[in-house]
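Throughout, a chain's letter reflects where its sequence line sits, starting with A, and its residues are numbered from 1. Only a predicted model underlies this, so the values are computations on that prediction, with no experimental measurement involved.
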Number of protein chains: 2
Amino acid sequence: METNNKRYSCFFQLATDIIGGKWKSMVLWTLKKDVKRNGELKRLIPNISQKMLTQQLRELEDAGIVERIIYPVIPPKVEYKLTTAGEKLIPILYDLHDWGKEYAQNHNIDFGEEAHCVID
Amino acid sequence: METNNKRYSCFFQLATDIIGGKWKSMVLWTLKKDVKRNGELKRLIPNISQKMLTQQLRELEDAGIVERIIYPVIPPKVEYKLTTAGEKLIPILYDLHDWGKEYAQNHNIDFGEEAHCVID
DNA sequence: CAGTATCCCATCAGATACTG
DNA sequence: CAGTATCTGATGGGATACTG
């Protein structure tokens, strides 16, 4: 099977390709509760650059996971929200979060009081 | 929090760091049913090179997700199996697989008859 | 069989400057 | 505010040859 010159031999591969990479799942995680603007995402995601943020948002948009809402005002206002397909990923990301928590406990990794995951 | 010079602000970030990257989750997926040898993994994972396979296996081993079992025989025999922590990830990977399947259906992506995901 | 070791190129990603 | 453009260094990753 092929999409955009990419060949997949299975659904799992398709899924990891869509939400893979260094930042994509973190962007989705940050959008899990509500709509966010560019500036908010940049503040909430540690160490992401504007370039990477824009790039990842565009790719998520192309994949139909995130929707970009442009308000024709000055100064510019743009919001990003999960699509229906994107929202269906959130429970899976929560499971991953929980796995990470258990892993941290079993490996005596201490996150301290504020392991809030951006916004929990 | 810090491990190996890496800083995490949340459990989710920790989780995605451990199983992230281009190959790691695919390696885990391939090990989901049973123990596999180096050669089997190379055959089952499309396009992975020996270099990448070894590299990813070592990192998964260091993270305590995969165990490496060496049999002192000639010719060499090495098996890779999931640890308890690794096995706990499998249900999550299945959810991701199912999400990919639904995504493919909603986007009219046709995998044909044999979208077996390496070995389902 | 199960790897290592090199070489080398392609892509990723940070820093900086600029714009509607 | 929400980006784009460009330059450059870092990292990822393929090809090939070799080893216990």
Side-chain angles (χ1 to χ4, degrees), chain A residues 3-9 13 16-28 30-31 34-63 66-82, chain B residues 3-9 13 16-28 30-31 34-63 66-82:
Chain A
T3 308
N4 302 333
N5 299 324
K6 287 175 183 175
R7 213 167 268 276
Y8 302 103
S9 54
Q13 222 180 352
T16 56
D17 192 65
I18 292 173
I19 67 160
K22 188 173 177 182
W23 299 111
K24 290 205 182 66
S25 63
M26 192 56 164
V27 171
L28 297 175
T30 309
L31 291 173
D34 49 70
V35 168
K36 294 265 186 304
R37 298 178 63 176
N38 177 78
E40 298 179 278
L41 290 170
K42 222 166 59 179
R43 271 187 296 98
L44 292 168
I45 302 174
N47 300 324
I48 197 167
S49 66
Q50 177 63 55
K51 178 185 172 182
M52 282 300 104
L53 179 56
T54 302
Q55 195 174 104
Q56 305 308 306
L57 283 168
R58 293 298 174 276
E59 290 179 15
L60 290 168
E61 199 187 346
D62 290 345
V66 163
E67 187 186 356
R68 186 162 175 249
I69 305 165
I70 306 171
Y71 296 89
V73 297
I74 292 185
K77 178 176 178 179
V78 176
E79 286 179 343
Y80 295 95
K81 68 173 290 195
L82 297 176
Chain B
T3 308
N4 302 333
N5 299 323
K6 287 176 182 173
R7 212 168 268 276
Y8 302 104
S9 54
Q13 221 180 352
T16 57
D17 193 64
I18 291 174
I19 67 159
K22 188 174 177 182
W23 299 109
K24 288 205 184 66
S25 63
M26 193 54 164
V27 171
L28 297 175
T30 309
L31 291 173
D34 47 68
V35 168
K36 293 266 187 304
R37 298 178 62 175
N38 178 77
E40 296 179 279
L41 289 169
K42 222 165 58 179
R43 272 186 297 98
L44 292 168
I45 303 175
N47 301 324
I48 197 168
S49 65
Q50 176 64 55
K51 177 184 173 181
M52 282 301 105
L53 179 56
T54 302
Q55 194 174 106
Q56 304 308 306
L57 283 169
R58 293 298 174 276
E59 291 179 16
L60 290 168
E61 199 186 346
D62 291 344
V66 163
E67 186 186 357
R68 187 162 175 249
I69 305 165
I70 306 171
Y71 296 88
V73 296
I74 292 185
K77 177 176 178 179
V78 176
E79 286 180 343
Y80 294 95
K81 68 173 289 193
L82 297 176

field: Check: A:Leu82 and A:Val35 side chains under 4.5 Å, non-hydrogen atoms
entry: no
- request: Report yes if a side-chain nitrogen or oxygen of A:Arg43 is closer than 4.0 Å to either non-bridging phosphate oxygen (OP1 or OP2) of D:dA2; otherwise report no.
  value: no
- prompt: Just how far, in rounded Å, is P of D:dC1 from NZ of A:Lys42?
  reply: 9 Å
message: Just the rounded figure in Å: distance from C1' of C:dA2 to CD1 of B:Ile74.
response: 12 Å
- prompt: Is any side-chain N of the basic residue among A:Lys24 and A:Glu59 closer than 4.0 Å to the acidic one's carboxylate O?
  reply: yes
statement: B:Glu40 atom CD is separated from C:dA2 atom P, nearest whole Å, by 8 Å
query: Hey, are the side chains of B:Ile45 and B:Trp23 touching, using non-hydrogen atoms and a 4.5 Å cut-off?
result: yes
message: A cation-pi test, strictly: NZ or CZ of B:Lys77 under 6.0 Å from the centre of the six-membered ring of B:Tyr71 and no more than 45 degrees from its axis. Yes or no?
response: yes
task: If C:dG20 has a Watson-Crick or G-U wobble mate with both distances under 3.5 Å, name it; if not, just say none.
output: D:dC1
message: Without decimals, in angstroms, what is the distance between A:Leu41 CG and D:dA2 P?
response: 9 Å
task: Could you tell me the separation between the NZ atom of B:Lys36 and the C1' atom of C:dA2, rounded to a whole number of Å?
output: 17 Å
message: In this structure, how many angstroms lie between the C1' atom of D:dG3 and the CD atom of A:Gln50, rounded?
response: 6 Å
query: Between the side chains of A:Asn38 and A:Glu79, does any donor sit under 3.5 Å from an acceptor?
result: no
query: Quick one: is B:Arg58 getting a side-chain N or O under 4.0 Å of the C:dG3 phosphate, OP1 or OP2?
result: yes
query: Quick one: does B:Arg58's side chain get under 4.5 Å of B:Arg68's, heavy atoms only?
result: yes
task: Determine the contact category for A:Tyr80: base if any of its heavy atoms lies under 4.0 Å from a base atom, sugar-phosphate if only primed atoms, P, OP1 or OP2 are that close, otherwise nothing.
output: sugar-phosphate
field: Min side-chain heavy-atom separation A:Leu57-A:Leu41 under 4.5 Å
entry: yes
field: Under 4.0 Å protein heavy-atom contact, by nucleotide of nucleotides 6-20 of chain D - B base, S sugar-phosphate only
entry: -B-----BBB----B
field: Euclidean distance, atom CG of residue B:Leu53 to atom P of C:dG3 [Å, nearest integer]
entry: 8 Å
message: Is there a side-chain contact between B:Arg37 and the phosphate of C:dA2, meaning an N or O under 4.0 Å from OP1 or OP2?
response: yes
